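I have placed the structure first, in the form of structure tokens, so that the comments after it can refer back to it.
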Amino acid sequence: MADTPTTPRTYPHGVPSWIDLETPDVDAALRFYGDLFGWRFTEMLPPGAPERYVVASLDGTDATTVAAIATPSAGLDGEVAWHTYVAVDDVDAAVARVTELGGFVSSGPEDVGPPGEPVGRMARIVDPQGAPSRLVQAGTRPGAQAVNAPNTWNFSNLSTPDLDDALRFYGPLLGWVHDDELGAGMARVPGYGDHLASTSDPDIYERQHGSPSGFADVAAGILRADGPAAWSVSFSVADRDASIAAAQRAGATVLSTQDTEWSKEAVIRDPFGAELVLSQFDPPDWFREAERQTPEA
């Protein structure tokens with residue numbers, strides 16, 4: 001479902017707020033994702049800088065920022081991947097908790113952006129099960145502004161071999177709560193729904209009428225899965241099969257497809273080796289009928 005903000009979108013502590021792709025061929029990635037999602041791009045670093053950081057948006061403005069594409073950070077592993085940034089109130093304090101809880105800090109904290117006007121303060125971390133992510137304290141940029149609509153970031157999911165161990169880390173660090181009544185795979189940040197209702201999404205509770213208690217607080221996915229712990233990034237698309245065809249024409253590989261009660265999804269690998277999920281919102285007939293019968297506010 002589309003989520004069009006009426007005020008700038010901000011992110012409470014514990015909520016994923018930004019994503020970026022690190023890839024050695026930034027220009028080729030701009031062409032691929034520009035064609036696939038219709039994104040427009042803005043260079044954030046001056047010409048001649050040793051690295052590039054290019055912000056993607058739907059219309060070329062800060063009001064519709066979606067993600068970024070960047071060269072791999074110097075001195076790190078250079079993995080070609082989509083990365084999730086989680087908002088924290090105080091990144092220095094959060095980093096101290098990471099080590100106390102058994103995680104590892106791979107870099108930072110450090111200010112990012114122009115001197116004297118940082119877009120944020122960031123640290124790269126690895127959780128106790130080996131999943132890398134980033135923590136970010138917002139500066140001049142609060143995070144993605146266009147989300148949950150076609151061609152934007154929809155969700156980030158953490159896959160982990162041990163759900164209980166993961167929650168012992170992310171619960172104290174980020175305030176995540178896992179409620180069985182919400183179903184498998186949902187981590188919520190208590191109060192997130194109220195934050196959205198009072199800021200960028202005033203109609204969230206009306207739009208989610210009939211959903212389980214706490215559903216508006218869901219901030220990320222957390223799923224038990226075999227294999228190494230890892231984050232994945234999902235993008236909303238209007239038509240999964242059309243998006244698959246477009247991605248394949250541009251050199252992507254389809255790894256799997258799945259139809260669920262609420263979505264049609266595909267896991268693809270882009271031409272540079274990064275994996276991502278394409279997700280088409282496709283609810284059951286009873287939900288569409290309920291939406292048609294819901295009176296306009």
Side-chain angles (χ1 to χ4, degrees), residues 1-19 84-103 120-123 125 127-129 131 133-138 142-145 147-148 153-160 162-225 229 231-234 236 262 281:
M1 289 180 286
D3 183 357
T4 304
T6 57
T7 62
R9 178 177 293 277
T10 56
Y11 295 85
H13 182 95
V15 178
S17 61
W18 187 245
I19 53 171
T84 295
Y85 293 67
V86 184
V88 293
D89 293 334
D90 183 331
V91 71
D92 294 84
V95 160
R97 295 293 335 256
V98 167
T99 54
E100 291 171 5
L101 294 165
R121 186 163 172 79
M122 187 265 289
I125 69 166
D127 74 17
Q129 295 176 319
S133 62
R134 286 94 190 273
L135 304 179
V136 62
Q137 178 182 336
Q145 295 300 298
V147 298
N148 299 335
W153 176 35
N154 174 245
F155 215 51
S156 286
N157 289 291
L158 172 69
S159 297
T160 174
D162 192 315
L163 187 62
D164 291 334
D165 276 356
L167 288 170
R168 280 192 285 269
F169 177 76
Y170 290 101
L173 180 66
L174 301 177
W176 283 10
V177 176
H178 184 263
D179 296 330
D180 291 338
E181 57 266 28
L182 283 177
M186 296 185 184
R188 67 182 186 91
V189 173
Y192 181 38
D194 290 344
H195 172 85
L196 290 171
S198 66
T199 56
S200 60
D201 193 2
D203 300 326
I204 185 170
Y205 288 116
E206 289 78 8
R207 195 173 64 252
Q208 294 183 358
H209 176 71
S211 300
S213 176
F215 185 72
D217 292 337
V218 172
I222 180 167
L223 300 161
R224 195 212 168 278
W231 283 85
S232 64
V233 172
S234 174
S236 178
W262 293 92
F281 182 58

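Counting from 1, the numbers follow the sequence of the chain as shown. Hydrogens, waters and symmetry mates play no part in the numbers below; they use all other heavy atoms, side chains included. All of these numbers come straight from a predicted model, not from anything done at the bench.
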Taking every non-hydrogen atom, the tightest pair across [X] and [Y]:
X    : Y    : result
S17  : W153 : C-CZ3, 3.5 Å
G103 : P128 : N-CG, 3.9 Å
P190 : G175 : CD-O, 3.6 Å
P16  : A220 : CG-CB, 4.0 Å
Y205 : G193 : OH-C, 3.2 Å
D217 : Y192 : OD1-N, 3.2 Å

Distance check, rounded to the nearest 0.5 Å: [X] atom [atom1] versus [Y] atom [atom2]?
X    : Y    : atom1 : atom2 : value
T84  : L135 : OG1   : CG    : 11.5 Å
D165 : R224 : CG    : CZ    : 11.0 Å
E206 : D201 : CD    : CG    : 9.5 Å
M186 : F155 : CE    : CZ    : 7.0 Å
L163 : R168 : CG    : CZ    : 9.5 Å
L167 : I222 : CG    : CD1   : 4.0 Å

Checklist entry - Listed by chain and number, what are the side chain to side chain contact (heavy atoms under 4.5 Å, CB included) partners of S133, not counting sequence neighbours? => result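 Only I125, W231 meet the side chain to side chain contact (heavy atoms under 4.5 Å, CB included) criterion with S133.
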Checklist entry - Between Y170 and V86, is a side-chain contact (heavy atoms from CB on, under 4.5 Å) present by the stated rule, with each step listed? => result CA-CA 11 Å; Y170 290 101; V86 184; over 6 Å; no
[X] side chain to [Y] backbone, donor-acceptor under 3.5 Å:
X    : Y    : answer
H13  : L173 : yes
Q145 : R9   : yes
Y11  : A144 : yes
Q137 : V91  : yes
D127 : A131 : yes

Checklist entry - Does some side-chain heavy atom of W176 sit less than 4.5 Å from a side-chain heavy atom of V189? => result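 With C-beta onward as the side chain, the pair touches.
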Can you list, pair by pair, the side-chain donor-acceptor contacts under 3.5 Å of residues 93-101, counting residues two or more places apart and other chains?
from: R97; atom 1: NE; to: E100; atom 2: OE1; distance (Å): 3.0
from: T99; atom 1: OG1; to: A96; atom 2: O; distance (Å): 2.9

